[in-house]
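Right, one structure below, let's go through it.
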Amino acid sequence: MIDRLVETVNGKASLVHRGRYLTTRFLVELGPEAYLVDVVQGRIAAVTSGPFVMPSWSFALRAPKEAWEQFFQPVPPPGYQDLFGLLKQRLLRIEGDLQPLMANLRYIKEAFASLRPLEAKP
Amino acid sequence: MTLQQAMIPHFDPIVGRYLNLDLFGRPHRIYVEEAGQGIPLLCLHTAGSDGRQYRGLMTSDDILQRFRVISFDMPWHGKSSPPAGWHEEEYQLTTKAYVEMILTVADALALDRPVVMGCSIGGRVVLNLALDHPERFRAIIGLQSGAHVDPYYDITWAHRPDVHGGEVCASIVSGLMGPASPEAERWETLWHYMQGGPGIFKGDLHFYKIDGDIRGRVGAIDTSRCPLYLLTGEYDYSCTPADTLDLVTRIKGADATIMKGLGHFPMSEDPAAFLGYLKPVLERIEAGTRAA
């Protein structure tokens, strides 16, 4: 799922442009599954799946697999439509150096939203 | 609006003016918009935004025939100026200042027992009005009303030199809207957030998250003195339907409806859907006015 960011982000020129000042590596955890996402000037350079030994990253987004499954529904149920919805429900934990995340919050939110199935988007 | 209407230049029925008045012992210049004739309906915008959120209401012919719809930009918001000396201050909204501002503006406009409707922070402060000033209003409408919000993110990110304030404020609230709300209206709602002054959204949240916790008092609201209607969008994870329904268990006679598909900004994210929920409430208020 997360590895598809390479296509869904890089395939959308306006999204890559939005992230042009972001170069970082962040960690995503879906329950026990872990991924490191490398962003270079808004393009997703690589998504590497874990498990990792001594990974380095700027910020981490961790939520149970079931919460992500709801989030990735074409039309998510109330409370699951946004990363901050998961945060409010205390399902998502956001940790690390949050400056690159908060300075690029729209980019990161839209990158994750881009993983939702397109055909069923309202 | 038909395509043809859209292509012919035309004015909205909204008229905006600047009102000069003393607030908190200092001169202020407040931007006020209004449209329509009839029962005054005073609308309060959300944190970090401004009165443009009520455009849908102020362009609804049906409502304008029966209601005088008024919104004002709070000081520091929209086209209202901050008071002289602002550049050495940190803006922070308190319950006391918020209530005083609403009553002072209503007096300055000589409104006779208006209906007051507020969303989010506005939906909170109307509970204070219901508690302490019910005689001033003929009805109170709370949109996305809750007695309290559990802080779930660090609001200091909304005002820092290394994060763009407009971008981050809009991105913090973007997910609060219903996923099926029309794209153009959702992005207009976010544009208002992007235009907020530095630190203003954060200063409003001081009221929303810290100073304005009213859980211990809402039980004393007497809806026989002033009817209280609550409308809450189901996709709002800030003030949730559960928060609003909790108010109903605490306030005898409060009337709540959960609005399907809508989120935290019902009046601006999907005006047409919102009006479908608001009109029955306005009809009941009209009927109450006729009976009285």
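Predicted model, so just to flag it, every value in this text is computed and none were measured. Each chain gets a letter, A, B and so on, in the order its sequence line appears, and its residues count up from 1.
The part of B:P151 that comes within reach of chain A is its backbone (N, CA, C, O), which places non-hydrogen atoms under 4.5 angstrom from that chain. Proximity to chain A is limited to the side chain of B:T240, based on heavy atoms less than 4.5 angstrom apart. Residue contact with chain B, scored on non-hydrogen atoms closer than 4.5 Å, is absent for A:I94. Contact annotation for A:Q89: neither backbone nor side-chain heavy atoms come within less than 4.5 Å of a heavy atom of chain B.
Across B:E234 and A:P78, no two heavy atoms sit closer than the pair O-CB, 3.3 Å.
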* Kindly indicate, with the supporting measurements, whether the criterion side chain to side chain contact (heavy atoms under 4.5 Å, CB included) is fulfilled by B:L176 and A:D82. => CA-CA 8 Å; B:L176 291 167; A:D82 190 88; over 6 Å; no
* To do: In sequence, state the C-alpha distance, the side-chain angles, and the governing distance for A:Q99 and B:W157, and then conclude on side chain to side chain contact (heavy atoms under 4.5 Å, CB included).
  => CA-CA 8 Å; A:Q99 197 278 338; B:W157 286 104; 4.0 Å; yes
* Asked: Could you go step by step and tell me if A:R106 and B:S174 meet the side chain to side chain contact (heavy atoms under 4.5 Å, CB included) rule?
  -> CA-CA 9 Å; A:R106 180 175 163 195; B:S174 64; over 6 Å; no
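Shown here is A:F52, whose CZ atom has more than 12 heavy atoms of other residues, nucleotides or ligands within 6.0 Å. Other residues, nucleotides and ligands place more than 12 heavy atoms under 6.0 Å from the CD atom of A:E33. Within a 6.0 Å radius of NZ in B:K260, no more than 12 heavy atoms belonging to other residues, nucleotides or ligands are found.
Taking the six-membered ring for Trp and the full ring otherwise, the centers of B:Y237 and A:F84 sit at least 6.0 Å from each other.
Considering only heavy-atom pairs separated by less than 4.5 Å from chain A, the leading option among B:D150, B:D162, B:V168 is B:D162.
Under a 3.5 Å cut-off, the side chain of A:Q81 and the backbone N or O of B:G175 do form a donor-acceptor pair.
Note: B:S171 OG to A:L83 CG = 11.0 Å, rounded to the nearest 0.5 Å. Expressed to the nearest 0.5 Å, how far NZ of A:K88 lies from OG of B:S238 amounts to 5.5 Å.
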